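Since this is a predicted model, take the numbers as computed values, not measurements. Just follow the structure's listing: the first ligand is 1, and inside any ligand the first atom is 1.
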Amino acid sequence: MRLVLLGPPGSGKGTQAALLKDRLNIVHISTGDLLRAAVAAGTELGKIAKATMDAGELVSDELVLQLLEDRLNEPDVANGYILDGYPRNLAQAQALDELLARLNQNIDHALALIVDEEQIVARLAQRAAEQGRSDDSESVVRHRLHVYAEQTAPVVNYYEDKGILTAIDGMGSIDEINQRLCDAI
Ligand code: AP5
């Protein structure tokens, strides 16, 4: 099974993908995690991406597509995967379709988590206090939400037009939301 998990920053994509991957025995692919790993490793790509990520902007489509393509060519994706944080704009959605056509694959379901903005700000403020992620300051979170509304929200309509989108209430406990996702799948 191949899934796309959509939703604004802090909507719970990473949390839910980690649970779904175990439940469905598939791989969790987060472009944010791949980028943070590149930053931590000090690769050329990581050096280019860091300032963009810290500002809450999107890293260039070409760089992220290359990371994703490399990841999708690893053998552990054979049983399926959850994409978390990709695609992030319409150009990436189209690039993903082209990549999947070359790999003779398709997306089975796109799931969009719906969460109130103030709940998002509260969740990410707590994470900032606990983990100190460099893009979780309130001003950068507000900017990430703006980038989401402008660039990523149209991707939800893209999958709706394909007839594979389910919107999921992302408010409540982690277990409740996970059950809603499983019911939708
Ligand atoms: P990315 O890592 O994808 O971050 P994001 O989309 O902003 O998402 P987050 O990780 O903040 O939130 P999430 O929805 O995964 O929620 P989580 O489960 O963590 O991207 C970071 C940056 O990388 C981007 O800004 C961009 O620069 C770059 N990037 C990444 N992909 C890119 C792409 N495709 N193209 C270009 N650039 C790209 O939960 C958040 C918090 O809430 C956690 O602390 C969690 O414990 C808590 N929580 C979760 N669920 C609940 C709940 N139900 N109740 C209470 N707390 C909860």
Under 4.0 Å from any heavy atom of [X], which atoms of ligand 1 are there?
X	value
Y86	34 (N)
P8	14 (O)
Q92	33 (C), 34 (N), 35 (N), 36 (C)
I177	53 (N)
G14	13 (P), 15 (O), 18 (O)
P9	5 (P), 7 (O), 8 (O), 12 (O)
R36	2 (O), 21 (C)
G172	52 (C), 53 (N), 54 (N)

[X] N/O to ligand 1 N/O under 3.5 Å:
X	value
S11	yes
K13	yes
E57	yes
S30	no
V59	yes
Q16	no

Do the charged groups of [X] and [Y] touch, with an N to O distance under 4.0 Å?
X	Y	result
D183	R180	no
R142	E118	yes
R102	E98	no

Problem - Residue selection (non-hydrogen contact nearest atom 24 (C) of ligand 1) among R88, R127, E176 - result: R88
Handout entry: Proximity winner for atom 32 (C) of ligand 1, if only heavy atoms of L68, T31, T15 are counted
Key = T31
Do the side chains of [Y] and [X] get nearer than 4.5 Å, heavy atoms only?
X	Y	value
L181	L19	no
T15	I177	no
I82	I26	yes
D108	I164	no
D76	Y81	no
D175	Q179	no
R144	D136	yes
V27	R71	yes

Closest protein heavy atom to [atom], given as residue, atom name and distance to 0.1 Å:
atom	answer
atom 7 (O) of ligand 1	R144 NH2, 2.6 Å
atom 23 (O) of ligand 1	M53 CE, 3.4 Å
atom 34 (N) of ligand 1	G85 O, 2.8 Å
atom 47 (C) of ligand 1	R123 CD, 4.2 Å
atom 10 (O) of ligand 1	R133 NH1, 3.0 Å
atom 16 (O) of ligand 1	G12 N, 3.1 Å
atom 12 (O) of ligand 1	G10 N, 2.9 Å

Test your reading of the model: is there a side-chain donor-acceptor pair from [X] to the backbone of [Y], 3.5 Å cut-off?
X	Y	result
K13	L5	no
T52	L58	no
R123	G10	yes

Practice task
Sequence neighbours left out, what passes side chain to side chain contact (heavy atoms under 4.5 Å, CB included) with L67? Give chain and number order.
Solution key: L34, L35, L45
Practice task
Using a 4.0 Å heavy-atom cut-off, say whether L35 meets ligand 1 through its side chain, its backbone, both or neither.
Solution key: side chain
Handout entry: Structural part of M171 in contact with ligand 1, heavy atom criterion under 4.0 angstrom
Key = neither
Problem - Connected via hydrophobic side-chain network under 4.5 Å: V147 and M53 - result: no
Sub-4.0 Å heavy-atom approach of [X] to ligand 1:
X	value
Q126	no
A49	no
A18	no
E130	no
L124	yes
G7	no

Exercise for the section: Tell me, yes or no, whether the heavy-atom count around E69 atom CD, taken from other residues, nucleotides or ligands under 6.0 Å, exceeds 12. Expected result: yes
Fill in the blank from the handout: salt bridge (Lys or Arg N to Asp or Glu O under 4.0 Å) filter on E150, not counting sequence neighbours, yields none
